[in-house]
Undergrad: 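Before anything else, here's the structure in question.
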Amino acid sequence: MKMNHFLSIADYSEPELMHILDVSKQLKAELKAGGNQPILAGKTLALVFQKASLRTRVSFEIGMHQLGGYAFYLAPDEIGLGKREAVKDVAQVLGGFVDAIMARVFEHKHLLELAQYAGIPIINGLSDYNHPCQGMADALTIIEEFGQLKGVNVSFIGDGNNVAVSLMHICAKMGANFTIANPEGYDMPAEAIKMAEDFAAVSGSNLTFLRDPQEAAKGAQVLYTDTWVSMGQEAEKAEREKIFKPYQVNQALVDIAEKDVIVMHCLPSHRGQEITDEVQDGPHSRVFPEAHNRLHAQKGVLACLLGGM
Ligand code: CP
Ligand code: NVA
């Protein structure tokens with residue numbers, strides 16, 4: 001498969017996304033059967049972070065190692081992307097050292113600038129706009145549970161944030177039905193919705209935009225939530241915690257959904273806020289398999305970008 005970058009799920013067709021997911025599944029099975037072939041031997045990946053991370057950092061480092069390659073972490077204060085040094089300069093310097101860059105940034109435009117100047121593949125490890133690696137891991141988790149994405153009812157409860165955008169796009173591309181309930185003023189960007197509508201027209205998925213979380217939970221096979229206060233929004237914390245209070249995923253909401261509903265969260269979660277302990281630790285929760293699927297999904301992306309798969 002020909003891949004230049006991995007910046008957005010929207011950039012790939014349904015067969016291409018399915019191919020990446022198939023490679024992810026294959027690599028996961030191979031790992032469990034004893035270990036992966038070193039298909040990325042000699043390949044290097046720089047991990048550039050402007051924000052904190054547990055899952056993204058660890059899964060990329062381990063993933064590269066398992067495929068025979070090498071990844072190294074560059075902490076937010078270390079290279080000061082866009083602060084200590086211009087983004088396009090960092091891009092051109094790293095572009096001469098490594099085979100690919102994974103970057104977690106505040107502003108999505110900085111990923112586009114890295115892609116413009118680095119001359120090597122750029123992987124989006126989360127921006128203010130989207131989180132496509134999370135979307136791929138979420139897709140893998142849903143497929144493992146329901147056998148496919150097509151026709152599965154996915155309901156996102158909370159903020160129309162970066163994680164919601166990538167989840168909506170993977171659902172719309174693959175024919176899953178996507179519903180979101182979010183407060184007024186916290187909608188996903190209009191252009192992200194417009195794109196999803198175009199994808200849904202092709203895949204046959206239904207998209208529904210609501211304010212009422214109970215309404216969104218009806219018929220849900222996947223209940224998904226994320227933090228009410230994303231990284232970079234700390235100044236709005238008090239206001240957001242007030243506005244989002246009715247959007248908690250708790251047992252009462254789970255009881256409205258389908259009886260085999262699974263509960264997902266990209267993590268880190270804020271127990272007692274967007275999700276209760278009872279739900280996160282309960283029988284419907286898939287948050288930890290979902291977190292572990294970051295490793296497998298991203299190995300699929302890496303294998304297609306750098307390993308000729
Ligand atoms: N879900 C996710 O991206 O986690 P981290 O912020 O810990 O990488
Ligand atoms: N929406 C969250 C996701 C963290 C993985 C954030 O951007 O902080």
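Since this is a predicted model, take the numbers as computed values, not measurements.
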Undergrad: Given side-chain hydrogen bond (donor to acceptor under 3.5 Å, both in side chains), test Asn130 with Asn162 step by step and report yes or no.
TA: CA-CA 4 Å; Asn130 63 358; Asn162 44 11; over 6 Å; no

Undergrad: Would you say the side-chain atoms of Ser166 pair up with the backbone N or O of His131, donor to acceptor, closer than 3.5 Å?
TA: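 Answer holds: yes.
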
Undergrad: Taking atom types as modelled, find out whether Tyr247 and Asn182 have a side-chain donor-acceptor pair closer than 3.5 angstrom.
TA: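 On atom types as modelled, these side chains do not qualify, holding no pair under 3.5 Å.
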
Undergrad: Does Ser285 reach the main-chain N or O of Gln280 with its side chain, forming a donor-acceptor pair under 3.5 Å?
TA: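 Yes.
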
Undergrad: Would a line drawn from the ring center of Phe199 to the ring center of His169 be shorter than 6.0 Å?
TA: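 Aromatic pair counts; centres sit under 6.0 Å.
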
Undergrad: Centre-to-centre under 6.0 Å for Phe60 and Tyr73, is that the case here?
TA: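 Centroid distance Phe60-Tyr73: not below 6.0 Å, so no.
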
Undergrad: So, Asn250 versus Thr276: side-chain donor-acceptor pair below 3.5 Å or not?
TA: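 Absent: no donor and acceptor within the cut-off.
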
Undergrad: Can a donor-acceptor pair be found between the side chains of Glu61 and Tyr70 at a distance below 3.5 Å?
TA: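 No - no donor-acceptor pair under 3.5 Å links their side chains.
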
Undergrad: Under 3.5 Å, side chain of Ser127 to main-chain N/O of Val105, donor-acceptor pair present?
TA: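 A pair under 3.5 Å: no.
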
Undergrad: My understanding is that only residues two or more places apart in sequence, or in another chain, count here; which of them pass side chain to side chain contact (heavy atoms under 4.5 Å, CB included) with Ala220?
TA: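 Here the qualifying residues are Ser155, Leu223, Ala257.
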
Undergrad: Could you name each residue pair satisfying salt bridge (charged side-chain N to carboxylate O under 4.0 Å, His left out) that touches residues 166-189, not counting sequence neighbours?
TA: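 Of all non-adjacent pairs touching residues 166-189, those that pass salt bridge (charged side-chain N to carboxylate O under 4.0 Å, His left out) are Asp187-Arg211.
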
Undergrad: Under 4.5 Å between side-chain heavy atoms, counting indirect links through other Ile/Leu/Val/Met/Phe/Trp/Tyr residues: same cluster for Leu302 and Met309 or not?
TA: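 As far as the 4.5 Å side-chain criterion goes, Met309 and Leu302 are connected within one cluster.
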
Undergrad: Is there a donor in the side chain of Lys88 and an acceptor in the side chain of Gln116, or the other way round, less than 3.5 Å apart?
TA: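 No, no side-chain donor-acceptor contact under 3.5 Å.
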
Undergrad: Between Phe178 and Leu167, is any pair of side-chain heavy atoms under 4.5 Å apart?
TA: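 A side-chain contact exists here, since the closest heavy-atom pair is under 4.5 Å.
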
Undergrad: Is there a donor-acceptor pair closer than 3.5 Å between any side-chain N or O of Asn153 and the backbone N or O of Gly219?
TA: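 Such a contact is found between Asn153 side chain and Gly219 backbone.
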
Undergrad: Check whether the side chains of Asn293 and Thr141 place a donor and an acceptor atom closer than 3.5 Å, and report yes or no.
TA: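 Yes, Thr141 and Asn293 have a side-chain donor paired with an acceptor closer than 3.5 Å.
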
Undergrad: Identify whether the distance between the nearest side-chain nitrogen and carboxylate oxygen of Glu241 and Lys237 falls below 4.0 Å.
TA: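 Yes, this pair counts.
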
Undergrad: If you count every heavy atom of other residues, nucleotides or ligands that lies below 6.0 Å from Asp77 atom CG, does the total exceed 12?
TA: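 Result for CG/Asp77: open.
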
